[in-house]
Amino acid sequence: MKVRRSERLIDMTHYLLDHPHELISLTFFAKRYESAKSSISEDLAIIKKTFRERGTGLLDTIPGAAGGVIFVPMISKEEAKEYVVALSERLSEQDRLLPGGYVYLSDLLGEPELLRQVGRIIASKYLGEKIDAVMTVATKGVPIAQAVSYYLNVPFVIVRRDSKITEGSTVSVNYVSGSSERIEKMELSKRSLKRGSRVLVVDDFMKGGGTINGMQGLIEEFEAELVGVTVFAEAKFRGERAVKKYNSLLFVEDVNTQTKTISVVPGNYFDEE
Ligand SMILES: O=P(O)(O)OC[C@H]1C[C@H](OP(=O)(O)OP(=O)(O)O)[C@H](O)[C@@H]1O
């Protein structure tokens, strides 16, 4: 039975939001709604315009018989900034300061809505970039990597600091844990990355940058390519940071160990490029 435009628009939008970065043919939609391709094209034009005006994302059209549309999620810089400013206020709450200048984040990194927004914000930074995988290190980076990988529609791989028989054979690198100046090891299953993969590195927190640097070393060992680094939050670090090029959503600009308070502001994600 032919489906009316209002219903098509609702169901089509839902389907597109549920299948980011996936080529969907007009034939698929024409069959789904028993409608003409010309009607489907008009529907998609309405959705494309609304998505663009609302900052929901891009609806790329691929011409030709094997063509169709691809929904690319994004968030406007203004909306992202507004969200991150609110987050920075939450992080500036009392009793988040941990020894060594670390910050307690586990409660935030368990919130589905925060992870959806953070995943969308980080993915938006790499609009138009070819990314084959998102990489993070267990444990607290995992929910962030999962969220970003959803919006990019690519797998995420988890680097471990401990050996697990269930990971099969692995590649490992030693790295200097910036905060403790000690040599640590991290490893990744050989099955995780193909040579030449373009990899986005994410993590929850960066202090000395040793962890991120270790992951960059692993990417080299796999003869893969680093596309970029984004961390949820970064703290000041007295020493020479191991990582120079990265984005952070939040920046812990001040720490008061007496009052156990921290001052958090939006990170360099929002700096003009
Ligand atoms: O920039 P660096 O000085 O290297 O520190 C950042 C590391 C340390 C901390 O991980 P941990 O809390 O040690 O590990 P987990 O994520 O498993 O809790 C954080 O999640 C980053 O991965």
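All values reported here derive from a predicted model rather than from experimental measurement. All ligand and atom numbering here is 1-based and tracks the order in the structure.
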Judging by distance only, is a nitrogen or oxygen of Val137 under 3.5 angstrom from one on ligand 1?
-> no

Going by the order shown, which atoms of ligand 1 are within less than 4.0 Å of some heavy atom of Thr211?
-> 2 (P), 4 (O), 5 (O), 6 (C), 7 (C), 22 (O)

Say whether, by atom type as modelled, one donor and one acceptor occur between the side chain of Arg8 and the main chain of Val3 under 3.5 angstrom.
-> yes

Check each atom of ligand 1 against the heavy atoms of Met206 and keep those under 4.0 Å away; list them by number with element.
-> 1 (O)

Checking Lys125 side chain against Tyr269 main chain: does a donor-acceptor pair fall under 3.5 Å?
-> yes

Could you list the atoms of ligand 1 found under 4.0 angstrom from a heavy atom of Gly209?
-> 1 (O), 2 (P), 3 (O)

Among Leu98, Asp203, Leu105, Thr139, which residue places a heavy atom closest to atom 16 (O) of ligand 1?
-> Thr139

When you measure from the side chain of Asn268 to the backbone N and O of Ser248, does any donor-acceptor pair fall under 3.5 Å?
-> yes

So between Gly214, Ala138, Gly208, Gly141, whose heavy atom ends up nearest atom 2 (P) of ligand 1?
-> Gly208

From the options Arg161, Lys207, Arg160, select the one whose nearest heavy atom is closest to atom 13 (O) of ligand 1.
-> Arg161

Give a yes-or-no answer on whether the side chains of Tyr33 and Asp11 include a donor-acceptor pair shorter than 3.5 Å.
-> yes

Determine yes or no for a side-chain-to-main-chain donor-acceptor pair under 3.5 angstrom, with Thr136 supplying the side chain and Val202 the backbone.
-> yes

